[in-house]
Asks: 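My questions all concern the structure below.
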Amino acid sequence: MPSMTLTVEEIRQESTLVRALRLTAPGGAALPAFGPGAHLRVTIPALTEPRCYSLVQLDADAGAFAQPDAYWLGVRREDAGGGGSRFMHTLQVGQTLTVDGPRNDFPLHEAPAGDPPVLLIAGGIGITPIASMAAALTAAGRRYALHLCGRSRDQLAFLPALQTLAGDALHVHADDDADTAFDLAAVLDAAKPEQHLYVCGPKGMIDAVVAGARERGWPEAHVHFELFVTAAAQAGDTAFELELRQSGRTLHIPADKTILEVMEAEGCDPLYDCKRGECGVCQANVLEGEPDHRDYYLSEVEKASGKVIQLCISRARSARLVLDL
Ligand code: FES
């Protein structure tokens, strides 16, 4: 997908921390079509890795997906983050951005109008791809329930537009209001594994939703999620030695670097794609040592076997890990 230069045409402050950006092509030229769940990869000056932001579509208009005249992004400012969102919050109308995409790793499944209702769950800024799904489902006449969760109601971005879009299908949950606080167990108990479930939000929420759905017999193919974070160090992470047996090399993996990052820095050429533990492209076979699995790709049985590891996000519990690389 070639890069494009887009202009910031409009900026709206959606909440204290979230701003929405309307991007257009030079001269108002047509933009590539996209589907609900798609994102753009935005080049951030001073950062080596682009940042991914979901495309937000809040109108139940199929043409807005097929022939967009603009793209909307929603960006939450993360002051403790790597700098991507801070840059996006400095942008002014008239400035340009270099983007790749749209690309969709979180597509909505196709289904006839009579299919069981789709269950959509969004936490915070995770509403951005979920809102587009609600728009596409509305446009297609398909049933859904949308659970929008946040710390407080005034921090929920796009709320008026979502109320117009989803009507009674929208259920707003605010942690600071006991009457509306999100009860995941009750939502899942009231749903059925025949339904498709889509969740986007903080890692803790996704972990809880995926685990809760699995406990209730949801097939993997019906549970869809997207997590827009890269590997983050966790409290208690320690350094370990990594032996690449085929290459005859041993690398030191510090507590604040991933296996993939160190291998790239050391001139290895590992395969990868998502860098979020979702796609499985970076998987390697484990010969010795105990992996500390942090991915969403492997099943619980595969994780327990300890025979494979996702290099982009998982670590080692043992002081030494030996891979068949
Ligand atoms: S690159 Fe996708 S799981 Fe590691």
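Just so you know, ligand 1 is whichever comes first in the structure, and atom 1 is the first atom listed for that ligand. Predicted model only: the values in this text are computed from it and were never measured. Hydrogens, waters and symmetry mates play no part in the numbers below; they use all other heavy atoms, side chains included. Count residues from 1 along the sequence.
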Asks: Is any NZ, NE, NH1 or NH2 atom of the basic residue among Arg245 and Glu243 found under 4.0 Å from an Asp or Glu carboxylate oxygen of the other?
Replies: yes
Asks: From atom 4 (Fe) of ligand 1, how many protein N/O/S atoms are found at a distance short of 2.8 Å?
Replies: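 Atoms of protein N, O or S type lying less than 2.8 Å from atom 4 (Fe) of ligand 1 total 2.
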Asks: Here's a test for you: under side-chain contact (heavy atoms from CB on, under 4.5 Å), which of Leu162, Leu148, Leu146 qualifies with Ile130?
Replies: Leu146
Asks: Can you measure from CG (Asp61) to OG1 (Thr138) and round to the nearest 0.5 angstrom?
Replies: 11.5 Å
Asks: Does anything in residues 276-325 pair up under ring-ring contact (aromatic ring centres under 6.0 Å, His included), and if so which pairs, sequence neighbours excluded?
Replies: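 Every ring-ring contact (aromatic ring centres under 6.0 Å, His included) pair that includes a residue of residues 276-325, provided the two are not neighbours, is Phe225-Tyr296.
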Asks: Just say parallel, tilted or perpendicular for the rings of His173 and Phe182, cut-offs at 30° and 60°.
Replies: tilted
Asks: Considering all heavy atoms of both residues, which atom of Val286 and which atom of Val308 are nearest to each other, and what is their separation?
Replies: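 The pair with the smallest heavy-atom distance is CG2-C, 3.8 Å.
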